[in-house]
Amino acid sequence: MRFGNELRRRRRDAGLSQRDLAALIHFDRSLVSLVENGRTAPSYTFAVACDRTLRAGGELARLHAHDGEDARKVRDLSACQSGWGREDTDGLAAVLDGAVTIDGQTARRVAHEWLVHDPPQVVETRAGRHVGNGMVVAIEQRTAELRRLDDHMGGGDLLGVVTAELGATVTLAREASYTEATGRRLFAGIGDLAQLAGWVASDAGDHQAAARYYLGGLQAAHAAADDALAANLLSLLSYQTACQGDPREAILLARTAYRGAPSSATPAVRALMGERVAWAYATAGDADGCQRALDEVDTVFGATTDGEPDWAYWLNWDEIRIMAGRCYTELRRPMKAVPLLDAALRVYDSGLSREVALYLTWLAESYIHAREIDQAADAVSRALTVSTTVNSARSRDRVSTVRTRLHPYKDATSVKQFEEQYRATMKR
């Protein structure tokens, strides 16, 4: 309680509201309130952030230790060389539960810390249930099953299932005991579940939650010393950042992920990293940077190897051609985009409804750039039909985006027919 009282006094002396302080330290305002009122114990990371922001000269950090917290076990990611303890796992849970505010600065900080610092050692610090190899294998298998469910279900239907699985696994990590080797594998499982949760949350339209899962997963992957998984999580965050309108930030994150991937990374992992670099450059309008990245993808994916991670199972040449087509669409180069997208869609698995709908919208947009309006209206009409079969905010938003871009051609018969279809669909 002494910590909470001192925090309140120093915050008020600094002329800051709880919301002001929360914004400066990148935690939620509700957490500041809970700590000040003694309703929850602060983590060491929280205490240090407050100490630095309020220029307390180490007093808040000392009070944190005095109030019964073992500060030696609690570190932010940059200070974890000495061990991964209970508070580190609690901090990870706070990120995944939404207690930490995620923004561009937070993403850059975590990305930098992951890249330049050695991973922490995961140690057995729990006294409860013991986790053995069989439990970890079950978690890995369950995650693989959920990932394949995502092939056929939209984020609106799958998000609750995935986040429940993630929450249960984090609780296990917080409460159970395990050896170092099992701990690393367990945290890799958490990282894998977190990246799936981020992808599903993004598909459901909750981009703030997706960013939280990606960054939490990055911390878990770092604890597991799984640099390939960490790189993939960061590149997924860059992809979302690019899609949400901050391409320069996306380039920084994507390039950090690509450089941070281990030299032993498999061809599929390297190609995934490269694709997201290309996409970030495309959304920034940098055609040269995009082309260099696409060429690198073609080079690295041409190699073959065993041991690809399960989370990269879906990548193949058709997907690579589609990403190239999407990049060219973003760069307004329909002569390159249309042949790639059209050819890939002709052989694409029709059962993957969300992806079919999404890729049809990119084809439609390319046709708009080429002033082939009838073809554009036909493609987006097909996308709309397919999108009704899957609960995906991402695919619905893309259809809406193309609809807006067809507005200048609203007098065309094909566009009028699409508009009628769209309005009828929205009434259902």
Side-chain angles (χ1 to χ4, degrees), residues 102 150-160 162-163 195-214 235-247 249-250 275-276 279-280 282-285 314 319 322-323 325-332 337 341 344-345 348 352-369 373 376-410 415 418-428:
I102 303 300
D150 176 65
D151 287 343
H152 303 280
M153 295 176 65
D157 293 326
L158 195 57
L159 181 57
V162 175
T163 54
Q195 72 175 350
L196 180 57
W199 174 256
V200 173
S202 182
D203 191 55
D206 193 342
H207 304 296
Q208 178 65 207
R212 186 170 70 244
Y213 292 133
Y214 290 147
S235 73
L236 280 167
L237 180 60
S238 80
Y239 176 79
Q240 174 172 285
T241 302
C243 292
Q244 293 304 303
D246 194 351
E249 188 77 24
E275 281 198 333
R276 289 159 192 160
W279 177 247
T283 59
W314 57 272
E319 294 288 355
I322 285 171
M323 176 55 85
R326 290 179 56 197
C327 287
Y328 292 135
T329 301
E330 194 72 14
L331 293 168
R332 295 178 174 268
L341 292 168
L345 280 165
Y348 206 80
L352 305 179
S353 300
R354 178 185 55 215
E355 278 64 35
V356 170
L358 286 169
Y359 301 157
L360 280 168
T361 66
W362 290 104
L363 178 61
E365 191 167 340
S366 280
Y367 276 131
I368 293 173
H369 295 158
I373 304 306
D378 175 69
V380 74
S381 176
R382 291 157 55 199
L384 176 60
T385 298
V386 176
S387 71
T388 62
T389 67
V390 61
N391 189 0
S392 166
R394 181 187 284 118
S395 60
R396 291 193 298 271
D397 289 346
R398 279 294 305 162
V399 170
S400 179
T401 295
V402 176
R403 178 190 179 218
T404 299
R405 291 174 182 171
L406 279 172
H407 186 72
Y409 311 98
K410 61 184 178 180
V415 177
F418 166 68
E419 272 294 318
E420 292 175 2
Q421 178 194 4
Y422 184 88
R423 291 169 183 168
T425 300
M426 293 301 105
K427 289 181 181 178
R428 295 175 189 170

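We use all heavy atoms of the structure for the numbers below, so side chains are in, but hydrogens, waters and symmetry mates are not.
- A donor atom on one side chain and an acceptor atom on the other are found under 3.5 Å apart for T385 and Q421.
- Ring geometry for Y239 against W279 counts as tilted: the plane angle lies between 30° and 60°, on a 0 to 90° scale.
- Atom-to-atom distance recorded for Y359:OH and R354:CZ is 8.5 Å, nearest 0.5 angstrom.
- Side-chain polar atoms of E249 and T241 form no donor-acceptor pair below 3.5 angstrom.
- Looking at every heavy atom in both residues, A242 comes nearest to T283 through CB-OG1, 3.6 Å.
- The backbone N or O of D397 lies less than 3.5 Å from a partner atom in the side chain of T401, making a donor-acceptor pair.
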(request) Begin with the C-alpha distance, continue with both residues' side-chain angles, and end with the deciding distance and a verdict on side chain to side chain contact (heavy atoms under 4.5 Å, CB included) for V356 and S353. (result) CA-CA 5 Å; V356 170; S353 300; 5.7 Å; no
(request) Apply side chain to side chain contact (heavy atoms under 4.5 Å, CB included) to the pair V399 and F418, showing each step before the final yes or no. (result) CA-CA 11 Å; V399 170; F418 166 68; 4.3 Å; yes
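- Atom CG of D150 is separated from atom CG of D203 by 6.5 Å, given to the nearest 0.5 angstrom.
- Between L360 and Y348 the shortest side-chain heavy-atom distance does not fall below 4.5 Å.
- A pairwise comparison of heavy atoms in A197 and T163 identifies CB-CG2, 4.5 Å as the closest pair.
- Annotation for G154 and V390: closest pair N-CG2, 3.2 Å, computed over non-hydrogen atoms.
- One finds the CZ atom of R405 at 10.5 Å from the OG atom of S400 (value rounded to the nearest 0.5 Å).
- Residues P247 and A280 come closest through the heavy atom pair CB-O, 4.1 Å.
- Salt-bridge formation is detected for the pair E419/R423: a Lys NZ or Arg NE/NH1/NH2 atom is positioned less than 4.0 Å from an Asp or Glu carboxylate oxygen.
- Under the 4.5 Å side-chain criterion, counting only non-hydrogen atoms from C-beta, W362 is not in contact with I322.
- The two residues T361 and A383 make their nearest non-hydrogen contact at CG2-CB, 3.7 Å.
- Nearest heavy-atom pair across A337 and S366 is CB-OG, 3.2 Å.
- Distance CH2/W199 to CZ/R394: 4.0 Å, rounded to 0.5 Å.
- Using a 3.5 Å distance cut-off with no hydrogens or angles, the side chains of W314 and D151 do not pair a donor with an acceptor.
- You'll find the side chain of Y367 stays beyond 4.5 Å of the side chain of V380, heavy atoms only.
- Using modelled atom types, one finds a donor on one side chain and an acceptor on the other under 3.5 Å when comparing N391 with R396.
- The distance from atom CZ of R332 to atom CD1 of I368, rounded to the nearest 0.5 Å, is 9.5 Å.
- The distance from the CG atom of L358 to the CG atom of L352 is 11.5 Å, given to the nearest 0.5 Å.
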